[in-house]
Amino acid sequence: MSRANKVVLAYSGGVDTSVCIPYLMQEWGVKEVITLAADLGQGDELGPIKQKALDSGASISLVEDGRDAFVTEYAFPAIKANALYENRYPLSTALARPLIAKMLVEAAEKYGADAVAHGCTGKGNDQVRFDVGIAALNPDLKILAPAREWGMSREETIAYGEKFGIPSPVKKSSPYSIDKNLLGRSIEAGPLEDPMNEPLEEVFAMTKAIAETPDEPEYVEIGFEKGIPVSINGENLAPVELISQLNDLTGKHGYGRLDMIENRVVGIKSREIYEAPALLVLIHAHRDLESLTLTADVTQYKRGLEDTYGHLIYRGLWYSPLKEALDAFIDKTQEQVTGTVRVKLFKGNATIVGRKSDNSIYAPDLATYGADDKFDHKAAEGFIYIWGLPTRVWSQKMRG
Ligand code: ARG
């Protein structure tokens with residue numbers, strides 16, 4: 001029985017997604033597989049990947065540059081929201097999934113496919129993000145996930161692929177499972193599965209070990225317009241260029257690493273190492289500029305929503321009414337968030353050492369301890385009397 005006629009498969013060039021091509025056709029009766037490799041700045045050579053899909057049996061091998069959309073439509077909203085999952089992970093992998101889902105759906109519609117497919121297993125978050133994202137964008141498309149069902153071990157997968165001319169990986173495969181894109185790298189498995197094992201230096205690629213960082217601090221000024229990063233050291237840069245320059249600048253100083261135990265959507269705890277230098281420094285700087293330009297109540301109210309926003313990205317609800325409603329609120333708050341943040345990079349730290357904005361609501365004449373202080377100190381007394389009144393009444397009652 002055929003599960004689908006024509007399928008668009010999310011393709012990375014790795015063994016698993018390559019094996020999906022013959023598997024879909026041989027085992028699930030799919031007539032035609034079109035592969036789609038999304039360039040999200042992962043730094044892989046896409047020419048060989050394109051050919052590899054054709055060699056593995058794809059009828060059409062698409063390679064699409066999604067980098068600009070990735071930064072402007074996915075990373076920038078997340079930066080405006082200061083989105084961090086469980087207070088730490090800046091969602092560098094999670095943000096790529098709704099974009100890939102969108103690219104798959106668009107290709108399926110363009111080529112008249114009745115299904116889309118991906119190579120995710122049943123244990124991870126990415127299957128949730130793909131499946132829910134695809135369903136939100138086109139609920140009529142079937143979703144096929146061979147690796148969720150085939151039950152083959154790594155060796156069996158390689159052997160299956162060899163039967164259909166898919167070469168087994170040449171170099172001894174790394175013990176790690178790595179996902180990478182312009183926003184960062186996520187590394188898990190191998191020795192990292194023991195939460196007590198310190199990650200070996202070999203897992204990192206975007207950030208330097210402290211021992212190899214410069215012995216002099218470096219200052220960088222990040223300019224924001226309405227919550228969106230637009231310049232580095234006064235020079236306006238295109239979004240993709242800005243992220244890559246900032247990755248290099250901050251990664252060189254060893255900033256941007258995380259080591260955490262996180263709670264996956266499917267209920268499993270996993271140990272993940274991340275490096276996301278540009279994204280982390282941008283959220284750090286953006287939040288600081290907000291503290292200069294937003295009122296206390298807006299800032300505090302937004303904090304709660306930021307947590308919700310990070311959660312919904314992690315849990316695959318990028319295309320959802322909640323996300324749209326939160327964006328409306330966040331965009332309103334960002335109208336004031338224009339200015340410059342000065343960051344000092346040194347030995348694994350990115351310290352905010354200055355900020356300025358034409359929309360600053362920091363009032364020097366109220367804040368100063370100097371002679372030109374305009375604050376009415378006497379007014380504080382009446383304020384405190386009323387502010388503390390409930391506490392005073394409560395205390396009197398308790399003491400009888
Ligand atoms: N745990 C992260 C997330 O769910 C990253 C997962 C990516 N995969 C990997 N092989 N490390 O967003």
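These numbers were taken from a predicted model, which means no experiment stands behind them. FYI, side chains are in, hydrogens and waters are out, and symmetry mates aren't considered; it's all heavy atoms of this structure. Order of listing sets the numbers, starting from 1, for every ligand and every atom in it.
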- Please name the pair of heavy atoms, one in Ile222 and one in Ala285, separated by the smallest distance, quoted to 0.1 Å.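 That closest heavy-atom pairing would be CD1-CB, 4.2 Å.
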- Query: Do Phe224 and Val341 come within less than 4.5 Å of each other through their side chains, counting heavy atoms only?
  - Reply: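 They are in contact (side-chain heavy atoms under 4.5 Å apart), so the answer is yes.
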- Any side-chain heavy-atom pair from Leu326 and Leu312 closer than 4.5 angstrom?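 With C-beta onward as the side chain, the pair touches.
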- Query: Are side-chain N/O atoms of Lys347 and Thr213 paired as donor and acceptor at under 3.5 Å?
  - Reply: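 On atom types as modelled, these side chains qualify, holding a pair under 3.5 Å.
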- Tyr314 and Glu262: side chain donor to acceptor below 3.5 Å: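 Their side chains do contain a donor-acceptor pair, which is all the 3.5 Å distance test asks for.
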- Query: With a cut-off of 4.0 Å, which atoms of ligand 1 are near a heavy atom of Arg129?
  - Reply: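 Result: 3 (C), 4 (O), 12 (O).
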- Message: Using a plain distance cutoff, I'd like to know if Asp126 has any nitrogen or oxygen under 3.5 Å from a nitrogen or oxygen of ligand 1.
- Response: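 N/O-N/O distance under 3.5 Å: no.
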- Contact check: Ser177 vs ligand 1, nitrogen or oxygen atoms, below 3.5 angstrom: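 It does: an N or O of Ser177 is found under 3.5 Å from an N or O of ligand 1.
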- Query: Given that the side chain starts at C-beta and the backbone is N, CA, C, O, which of these parts of Arg185 lies under 4.0 Å from ligand 1, counting heavy atoms, or is it both or neither?
  - Reply: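 It is neither; nothing of Arg185 touches ligand 1.
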- Query: What part of Arg264, side chain, backbone, both or neither, has a heavy atom within less than 4.0 angstrom of ligand 1?
  - Reply: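 No part of Arg264 is near ligand 1 at this cut-off.
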- Message: Run Gln336 and Glu290 through side chain to side chain donor-acceptor pair (under 3.5 Å) and show every step you take.
- Response: CA-CA 8 Å; Gln336 302 307 311; Glu290 286 188 331; over 6 Å; no
- Query: Can you say whether the rings of Tyr89 and Tyr85 are parallel (under 30°), tilted (30 to 60°) or perpendicular (over 60°)?
  - Reply: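 Perpendicular, since the angle between the ring planes exceeds 60°.
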Residue, atom name and distance, where the atom is the protein heavy atom closest to [atom]:
| atom | result |
| --- | --- |
| atom 4 (O) of ligand 1 | Asn125 ND2, 2.7 Å |
| atom 2 (C) of ligand 1 | Tyr274 OH, 3.0 Å |
| atom 1 (N) of ligand 1 | Glu262 OE2, 2.6 Å |
| atom 8 (N) of ligand 1 | Glu188 OE2, 3.6 Å |

- Heavy-atom nearest option to atom 12 (O) of ligand 1, drawn from Tyr89, Tyr314, Tyr85: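 Minimum heavy-atom distance to atom 12 (O) of ligand 1 goes to Tyr89.
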